[in-house]
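Let me begin by presenting the structure, written as structure tokens, before commenting on it.
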Amino acid sequence: SHVLFTLLTVNCKAAGEGYVKFQITCNGNHVTTDTSRDQVDNDVHNAFFYPECNGEYEIRAWFNDTEIRGEKSSRVHQTF
């Protein structure tokens, strides 16, 4: 049985109106990602996916076509 993961949550309240796009890959292959907006706080966007393979997952996110960058890297890596 697969486990549903919430891998990334983006709160864009301080950034203003816009849209968030996520891209998740595993070992370089595209992973199907479902996205949603929080029903209570419409500024919060979530990405959900089922791990499809063992390996390193890369998660990237954009707000209005500008990549969201973290303190150390714009990409988050997770191994399942």
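- When all heavy atoms of Arg37 and Gly18 are compared, the closest pair comes out as NH2-O, 3.3 Å.
- Of all heavy-atom pairs spanning Tyr50 and Val31, the tightest one is O-CG1, 4.2 Å.
- Summarising the geometry of Phe22 relative to Trp62, their closest heavy-atom pair is C-CZ3, 4.4 Å, with the distance given to 0.1 Å.
- Taken from CD in Gln23 to NE2 in His30, the straight-line distance is 7.5 Å, to the nearest 0.5 Å.
- Between the CZ atom in Arg60 and the CD1 atom in Ile24 there is a gap of 12.5 Å [rounded to 0.5 Å].
- Cluster annotation: Phe48 is not connected to Val44 through the hydrophobic network of ILVMFWY side chains, with a link wherever side-chain heavy atoms come within less than 4.5 Å.
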Checklist entry - After noting the C-alpha distance and the side-chain angles of Asn11 and Asp41, does the key distance pass the side chain to side chain contact (heavy atoms under 4.5 Å, CB included) rule? => result CA-CA 9 Å; Asn11 185 332; Asp41 187 347; 4.2 Å; yes

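- Test Asn46, Thr35, Ile68, Asp43 against Val10 for side chain to side chain contact (heavy atoms under 4.5 Å, CB included) and you get one pass: Ile68.
- Heavy atoms only, all atoms of each residue included: Glu17 and Asn64 are closest at O-ND2, 3.4 Å.
- The minimum heavy-atom distance between Asn54 and Asn27, with the atom names listed, is O-ND2, 3.1 Å.
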